[in-house]
Amino acid sequence: MITGKNYIGNLLSSIGNITFQTFNPKTNTENTAVFYEASTIEIEKATELAAEAFQTFKNTSGLKKAAFLNEIANEIEALGNELIETYCSETGLPEARAMGERGRTLFQLRSFANLVSEGSWLDATIDTENLNRLPIPKVDLRKMLVPIGPIVVFGASNFPLAYSTSGGDTAAAFAAGCPVIVKSHPMHAGTGELVASAIIKAAEKTNMPNGVFSNLNSSGIEVGAALVKNTNVKAVGFTGSIIGGRALYNIAAERPEPIPVFAEMGSVNPVIILPNAAKNNGINWAKTYASSITMGAGQFCTNPGLILGIKGIDLTNFIKKLSEEILHVEPTCMLHPKIIDAYETNKVKMQNQKGLQTTANFENETSQNYGRQIITTVEGDTFLNNTTLHQEVFGPFSMVVQCENFHQLEEIISKLEGQLTGTILAEEEELKAYSNIINVLQNRVGRIIFNGVPTGVEVCPAMTHGGPYPASTDSRFTAVGVNSIKRWVRPFSFQNWPNGLLPNELKNENPLGISRLINGVTTSKPIN
């Protein structure tokens with residue numbers, strides 16, 4: 001299905017002939033709404049419209065883009081309970097989670113609106129001419145960030161609002177001046193279509209160009225692959241598995257004109273518990289981490305799936321208490337039967353690894369599709385020699401690695417794959433004593449947490465949600481916060497350009513009143 005300004009049409013009945021339904025994991029039944037697979041014709045039409053819209057949208061002022069973003073937020077709010085009910089029926093998640101995620105989605109949209117309404121984010125940089133400079137006269141150069149073109153955004157399975165149709169990727173792309181084509185996640189197609197309708201209404205109310213947004217449904221991988229291959233598409237945003245993200249990355253790289261894929265993928269989010277923390281506060285940390293590991297049935301990209309400590313009585317007590325506490329948590333519904341099937345398969349795969357011990361395994365009967373938590377432990381040598389143990393188990397699973405000494409702990413951290421987060425549980429003085437541990441961890445993660453839990457991603461300018469591969473495909477960028485807009489722009493310079501024909505951001509008189517870097521000095525003053 002395509003939804004887009006002036007392109008809502010009834011193409012479905014005449015073009016689409018493959019249908020699918022979403023699933024309610026809590027009731028273990030299919031939802032009644034029927035969705036159509038996007039056709040090749042619809043894919044072509046959506047990308048063509050996006051390319052046409054880009055010619056206008058790229059020059060849309062920051063104030064007009066801000067009005068568009070704010071109106072999207074307003075229209076999503078206006079969906080009311082229908083959106084919340086659809087969200088819950090397609091995910092099995094509770095109403096409070098749906099409302100919280102909706103709030104975060106609205107906040108993201110309005111944050112980007114505030115960013116672009118002002119304009120300094122464009123990094124306007126001016127080096128004025130100096131014709132008297134010897135031996136070579138200096139030319140006039142003016143640089144700013146410009147949008148790169150139509151973006152394809154893939155909806156995430158675990159965040160139907162904040163990382164999907166109107167989520168961070170879409171909001172950032174609109175703010176940058178890039179049209180968006182969403183490949184809606186099949187698990188929450190109904191939620192996606194409701195949000196798409198809000199975006200369409202907002203586009204119409206604020207007079208955005210036709211084709212600025214399209215929403216395509218598909219239960220398989222073919223539509224997504226076709227979108228990434230399409231020559232009108234200039235970049236991709238993805239949140240999901242390593243397998244899915246890497247597949248899209250490879251497709252994009254093999255194009256005659258390769259394009260960037262900004263994918264946020266797998267992470268076990270290592271937690272290092274240093275000796276004094278284990279000794280003095282290990283019991284409390286065990287209680288805290290029992291909650292963190294099971295939050296949302298472990299279906300967060302920042303779920304703490306790996307805990308590292310130094311072997312000894314204090315770590316043993318921590319493991320014992322963690323194992324006790326986690327069994328007191330009632331399992332919750334996972335997002336889809338396929339997700340819980342993958343969880344159970346990967347859980348068993350881990351348990352079958354030589355040297356791995358299960359210290360807690362929730363074995364009571366639960367409702368269908370509820371994920372039962374598990375804690376495992378393994379010796380440091382075994383972990384080092386078996387990279388299967390390094391992989392993510394998406395769900396309420398965590399592994400405690402008992403290292404022989406600090407040298408082995410450092411070695412293990414250095415050999416981990418790239419991660420979104422790393423956490424240090426320590427007394428403050430320990431941070432100074434074990435600075436090497438922190439330095440090694442910094443090389444493997446995008447964000448370090450001190451005495452906390454990694455679950456939870458604050459939406460603010462200082463947030464980094466990304467990390468070395470395979471946590472993300474480009475560790476220089478964040479997928480959360482207003483700085484994520486930098487994925488959808490590129491630097492562009494004007495040389496010796498007539499002042500009257502320059503963008504307002506670069507004109508001598510600085511009509512927008514923004515902060516600019518002029519001849520090495522940051523100022524909002526005009527150029528005389």
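Index from 1, following the sequence. This one's a predicted model, so the numbers in the text were calculated from it and none came from an experiment.
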Side chain to side chain contact (heavy atoms under 4.5 Å, CB included) between M463 and V459, intermediate numbers included: CA-CA 7 Å; M463 174 56 65; V459 181; over 6 Å; no

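- Atom CG of L501 has more than 12 heavy atoms from other residues, nucleotides or ligands within 6.0 Å.
- Using cut-offs of 30° and 60° for the angle between ring planes, the F494 and F492 rings count as perpendicular.
- No side-chain heavy atom of S267 sits less than 4.5 Å from a side-chain heavy atom of C301.
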From CA spacing to verdict: side chain to side chain donor-acceptor pair (under 3.5 Å), E509, N499: CA-CA 9 Å; E509 54 269 34; N499 182 66; 3.1 Å; yes

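- For the residue pair E193/N217, the side-chain donor-acceptor check at 3.5 Å is satisfied.
- For the atom pair M265 CE and F238 CZ, the distance stands at 8.0 Å (nearest 0.5 Å).
- With respect to I126, the side-chain contact (heavy atoms from CB on, under 4.5 Å) criterion is satisfied by exactly one of M144, R142, K507, E505: R142.
- Classification of the H465-Y163 ring pair by plane angle, with boundaries at 30° and 60°, yields tilted.
- Side chain to side chain, N303 and E392 fail the donor-acceptor criterion of an N or O pair below 3.5 Å.
- Taken from CZ in F300 to CZ in F159, the straight-line distance is 5.0 Å, to the nearest 0.5 Å.
- Heavy-atom contacts from other residues, nucleotides or ligands closer than 6.0 Å to NZ of K138 number more than 12.
- Proximity of a side-chain donor or acceptor of E82 to a complementary backbone N or O of L79 within less than 3.5 Å is not detected.
- The existence of a salt bridge linking E344 and K347 is confirmed by a sub-4.0 Å separation between a basic side-chain nitrogen and an acidic carboxylate oxygen.
- By the 4.5 Å heavy-atom criterion applied to side chains, D474 and P260 are not counted as neighbours.
- V233 has its side chain within reach of T47: a pair of non-hydrogen atoms, C-beta onward, lies under 4.5 Å apart.
- No donor-acceptor distance shorter than 3.5 angstrom exists from the side chain of N369 to the backbone of C333, with no hydrogens or angles considered.
- For the pair T345 (side chain) and D341 (backbone), a donor-acceptor distance under 3.5 Å is present.
- Applying the side-chain contact (heavy atoms from CB on, under 4.5 Å) test between F174 and each of I151, V212, V116 identifies V212 as the sole match.
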Begin from the C-alpha positions of T302 and T421 and carry the test side chain to side chain donor-acceptor pair (under 3.5 Å) through to its verdict. CA-CA 7 Å; T302 53; T421 74; over 6 Å; no

For side chain to side chain contact (heavy atoms under 4.5 Å, CB included), just list the numbers for V195 and S164, CA-CA rounded to whole Å, side-chain angles, deciding distance to a tenth of an Å, and then say yes or no. CA-CA 9 Å; V195 174; S164 292; over 6 Å; no

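- Remark: side-chain polar atoms of R447 are not paired, donor with acceptor, to backbone N or O of T423 under 3.5 angstrom.
- Side-chain contact between F154 and T239 is absent, with no heavy-atom pair separated by less than 4.5 Å.
- At a threshold of 4.5 Å between non-hydrogen side-chain atoms, the residues R110 and N74 count as touching.
- Nearest heavy atoms, Q21 versus E30: OE1-OE1, 3.2 Å.
- Within 6.0 Å of NZ in K143 there are 12 or fewer heavy atoms belonging to other residues, nucleotides or ligands.
- The two residues T165 and I199 make their nearest non-hydrogen contact at O-CD1, 3.9 Å.
- The backbone N or O of P511 sits nowhere less than 3.5 Å from a side-chain atom of N504 that would complete a donor-acceptor pair.
- Looking at S367, its side chain never comes within 3.5 Å of a backbone N or O of Y370 through a donor-acceptor pair.
- Within the 4.5 Å cutoff, the side chain of E71 has no heavy atoms near those of the K201 side chain.
- Ion pair E264/R487 not flagged as a salt bridge, since none of the NZ, NE, NH1 or NH2 atoms sits closer than 4.0 Å to an Asp/Glu carboxylate oxygen.
- One finds the CE atom of M187 at 11.0 Å from the OG atom of S219 (value rounded to the nearest 0.5 Å).
- For K234 and E257, the salt-bridge test passes: some basic side-chain N is under 4.0 Å from an acidic carboxylate O.
- Panel note: side chain S120, backbone S515; a donor-acceptor pair is recorded below 3.5 Å.
- Residue T29 forms a side chain to side chain donor-acceptor pair (under 3.5 Å) with just one option from N31, T32, T27, and that option is T27.
- The closest donor-acceptor contact from the side chain of Q419 to the backbone of P270 lies at 3.5 Å or more, if one exists at all.
- Applying the side chain to side chain donor-acceptor pair (under 3.5 Å) test between Y87 and each of E101, R102, H188 identifies E101 as the sole match.
- The neighbour count for E44 CD, taken as heavy atoms of other residues, nucleotides or ligands under 6.0 Å away, is above 12.
- For the pairing with T128, the side chain to side chain donor-acceptor pair (under 3.5 Å) check across N508, N519, D140 returns one residue only, N519.
- In this structure, R246 and P470 have side chains that are not in contact, with every pair of non-hydrogen atoms separated by 4.5 Å or more.
- Within a 6.0 Å sphere centred on CD of E77, heavy atoms belonging to other residues, nucleotides or ligands number more than 12.
- In this structure, the side chains of F213 and F68 stay at 4.5 Å or more apart for every pair of heavy atoms.
- Taking each heavy atom of C178 and W488 in turn, the nearest pair found is SG-O, 3.4 Å.
- Within 6.0 Å of atom CD1 in I221, 12 or fewer heavy atoms from other residues, nucleotides or ligands are found, so the atom counts as exposed in its surroundings.
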